[in-house]
Amino acid sequence: MNFRSLARALLASVALAASIVLAGCDTDQVSLATNAKANQPVPPKLVAAMGEKDMDLQSPILIRLFKQEAELEIWKQTRSGQFALLKTYPICRWSGDLGPKVREGDRQAPEGFYSINPSQMNPQSAYYLSFNTGFPNAFDKALGRTGSQLMVHGDCSSRGCYAMTDEQIAEIYSLGRESFFGGQKAFQFQAYPFRMTPVNMAKHRNNPNMAFWKMIKEGYDHFEVTRQEPKVDFCEKKYVFDAARAPDAKRDPVFDASAKCPAYIVPEDIASAVREKQQRDEAEYAKLVAKGTPVARMNTGIDGGMNKIFAAKIPEGSTGLSEGAEGNTLQMLAMSKAPGTIPGTVNPPKPNLEPVAATPQEEPVVAVSAPATNTRVASAAAPEKSGGFFSNLGRKMGLSTADTTATTTPPQATASVNPAPATTTPPTAASRLKAAVTRFVPGHDKSKDTPVAAAKPAEPAKPAETKMAATRPALKPSVNDGGGDAMSSGGQLAGAAPVVSSNSFDSRFGAVK
């Protein structure tokens, strides 16, 4: 069984190498058939998931990607002929802003519909493995948009690309390779700014890219209602989906992205289903706008985004323009296992500090401007002389009668505070006993307790996510640690030749990611 799997992988690599030769590369690239990275088999767990979902290993695939959610989806055709979701991968890093790529060097990751054929698969990538998105397509070219070598690759580093971990891209690459070996000539790559829901459309309703987003939402809706890969054409500098020959036409319509649209129709079953979905979406959108759904803030200099599972693993990590997470959620994610090795050179997106500055509850509260009746400062008042058994017990255990949970005050403010006995409410005996017991509970962080004789406030605690990241184990040096069943102890497939050097491929195509 293992021999058959290896033989199939080698044959698939020969097919990929042959396509590269046909694309104009030297014939010595046939040696790519021995590339161990490109020949890694689909993980057994994923093969088992295919069986459960009525999919074949070599059936066609389709990829959808969402910047704001920082997720990449692999859809695979079932035996019924429709596509079903196989797996969702968190994106380690993407760059730029929400919106399409316009020109070379703008650091934008592309948005739109693209076709990936075997010649776009790059087993010799400097970023472990990769495939070229195919930007610019005919629509992009008609608008004069420029850019090249926009990839989906490993290494979690992006300058206009979509970057995964090495383990993730190895898995995605193997799924594409198997689909080509099964006969798929090209798989569709759909890249969106966010999931095209009424909520997201309402939040971004003032974005200057909305006209473009509504246009590609048409293709999103076609896929949603049919679960079939939509046929994509271009004319009059716009997208056209699932166009078919008109009833009175003698030949199929011919499309040109810059020319006038030919006569065509959209099959009624698809058109009616899409129309109904769009009517529901528009009604929900109108309700959300009428309710005053807040408009998303525009880019404030943040370069791209990162899925929260990766941001939680990096010291001072931020999700950037991707959907973030609360502090507690990031702490929990920091304890979970990351989907692949995160290189130590990862450059997370810049954090957006504006929400923090605008949120009052996240600002430090000081007692200077607070009324004296609500201000209790540890060490500013002498302990009470009476209070019964619980009060005496508290004094014997070294507890102050001041409320240790009150916000501390700067030293200069403390000196001027004179709490009035008639207006200051002392803590109850029960609260003092509870504080005493808490201080002696195992695992209690005594560093956060306010000392009785302290004359200045305690140092503020560091954010929890920073502390979690600081204690995480060292990063793995390579991705071969997780491939025990697929790789030999030497880091390559059993029976496969070592990975070939870059040689002429990298010298000829140095810009390839």
Side-chain angles (χ1 to χ4, degrees), residues 64-71 91 93-114 133 135-148 150 158-162 189-222 232 234-241 257-258 261 278 281-306 318-324 349-355 358:
R64 294 201 308 180
L65 182 147
F66 306 94
K67 288 181 178 178
Q68 182 174 281
E69 291 79 5
E71 290 180 341
I91 298 174
R93 191 73 167 89
W94 61 271
S95 60
D97 198 355
L98 299 181
K101 184 172 184 65
V102 176
R103 62 185 178 277
E104 184 87 50
D106 62 5
R107 295 184 64 86
Q108 282 291 101
E111 294 174 7
F113 287 70
Y114 300 89
T133 63
F135 179 92
N137 60 20
F139 168 80
D140 300 318
K141 292 176 181 177
L143 294 179
R145 294 176 176 174
T146 58
S148 59
L150 280 301
S158 175
R159 292 189 300 272
C161 298
Y162 295 105
F189 176 74
Q190 306 175 6
Y192 300 99
F194 40 72
R195 296 188 185 277
M196 312 300 277
T197 62
V199 173
N200 282 333
M201 298 297 280
K203 288 180 179 178
H204 295 277
R205 59 186 179 274
N206 289 346
N207 193 292
N209 294 301
M210 183 51 67
F212 169 73
W213 290 342
K214 286 182 177 179
M215 181 172 60
I216 62 174
K217 182 182 182 295
E218 181 91 13
Y220 177 94
D221 292 339
H222 276 241
V232 180
F234 312 98
C235 60
E236 298 178 7
K237 299 181 181 179
K238 66 180 182 180
Y239 278 84
V240 176
F241 299 98
S258 299
C261 292
Q278 291 177 342
D281 289 350
E282 289 169 3
E284 181 64 22
Y285 170 87
K287 290 180 182 178
L288 292 166
V289 173
K291 276 175 29 179
T293 298
V295 176
R297 292 183 304 105
M298 299 297 291
N299 186 0
T300 54
I302 302 172
D303 183 13
M306 170 180 282
S318 168
T319 54
L321 295 175
S322 295
E323 291 182 339
K350 297 177 183 178
N352 192 340
L353 300 179
E354 288 190 14

Report yes if the side chains of P100 and I216 come closer than 4.5 Å at any heavy-atom pair, otherwise no. no

Taken in chain and number order and not counting sequence neighbours, the residues that satisfy salt bridge (Lys or Arg N to Asp or Glu O under 4.0 Å) with D140 are R145

According to side-chain hydrogen bond (donor to acceptor under 3.5 Å, both in side chains), who are the partners of R64, at least two apart in sequence or on a separate chain? E73, E224

Is L321 close to W94 at the side-chain level, that is, under 4.5 Å between some pair of heavy atoms? yes

Is the shortest heavy-atom distance from the side chain of D281 to the side chain of Y285 under 4.5 Å? no

Go through the steps for Y114 and Q190 under the test side chain to side chain contact (heavy atoms under 4.5 Å, CB included), then give the verdict. CA-CA 6 Å; Y114 300 89; Q190 306 175 6; over 6 Å; no

Report the C-alpha separation of F113 and F241 in whole Å, then their side-chain angles, then the decisive distance to 0.1 Å, and conclude whether the ring pair (Phe, Tyr, Trp, His ring centres under 6.0 Å) test is met. CA-CA 10 Å; F113 287 70; F241 299 98; 5.0 Å; yes

If every non-hydrogen atom of F234 is compared with every non-hydrogen atom of A138, which pair is closest and at what distance? CD1-CB, 3.6 Å

Sorted by chain and number, sequence neighbours left out, side-chain contact (heavy atoms from CB on, under 4.5 Å) with S158 holds for R93, S95, C161, A163

Residue set satisfying side-chain hydrogen bond (donor to acceptor under 3.5 Å, both in side chains) with K203, at least two apart, ordered chain then number -> none

Do the side chains of I91 and L65 get nearer than 4.5 Å, heavy atoms only? yes

Taking ring pair (Phe, Tyr, Trp, His ring centres under 6.0 Å) as the test, write out the residues that go with Y220, two or more places apart. Y192

Closest non-hydrogen contact found for I302 with P349 is CG2-CB, 4.1 Å

With sequence neighbours excluded, tell me which residues meet side-chain contact (heavy atoms from CB on, under 4.5 Å) with K214. M201, M210

Can you name the closest pair of heavy atoms from G320 and S318 and give their distance? N-OG, 3.1 Å

Who are the side-chain hydrogen bond (donor to acceptor under 3.5 Å, both in side chains) partners of R205, not counting sequence neighbours? none

Test item: Q108 side-chain N/O and G99 main-chain N/O as donor-acceptor pair under 3.5 Å: yes

Run the salt bridge (Lys or Arg N to Asp or Glu O under 4.0 Å) test against E218 and tell me which residues pass, sequence neighbours left out. none

For Q68, check side-chain hydrogen bond (donor to acceptor under 3.5 Å, both in side chains) against everything at least two apart and list the hits. N200, H204

What's the shortest heavy-atom distance between E284 and P198, and which atoms? CG-CB, 3.7 Å

Residues in side-chain contact (heavy atoms from CB on, under 4.5 Å) with K237, at least two apart? A142, L143

Where C235 and V240 come nearest, the two heavy atoms and their spacing: SG-CG2, 3.6 Å

Determine whether M306 and S322 make a side-chain contact, defined as any pair of heavy atoms from C-beta on separated by less than 4.5 Å. no

Mind checking whether V199 and L288 have side chains closer than 4.5 Å, heavy atoms only? yes

Can D303 and R107 be said to form a salt bridge (Lys or Arg N to Asp or Glu O under 4.0 Å), step by step? CA-CA 8 Å; D303 183 13; R107 295 184 64 86; 2.6 Å; yes

Without swapping roles, check the side chain of E71 against the backbone of F66 for a donor-acceptor pair under 3.5 Å. no

Can you name the nearest heavy-atom pair linking A202 to V289, along with the distance? CB-CG2, 4.4 Å

Donor-acceptor contact below 3.5 Å, side chain K67 vs main chain E111: no

Kindly write out the residues that satisfy side-chain contact (heavy atoms from CB on, under 4.5 Å) with T133, not counting sequence neighbours, or none if the list is empty. P110, F135, L150, V152, F189

Residue set satisfying salt bridge (Lys or Arg N to Asp or Glu O under 4.0 Å) with D97, at least two apart, ordered chain then number -> none

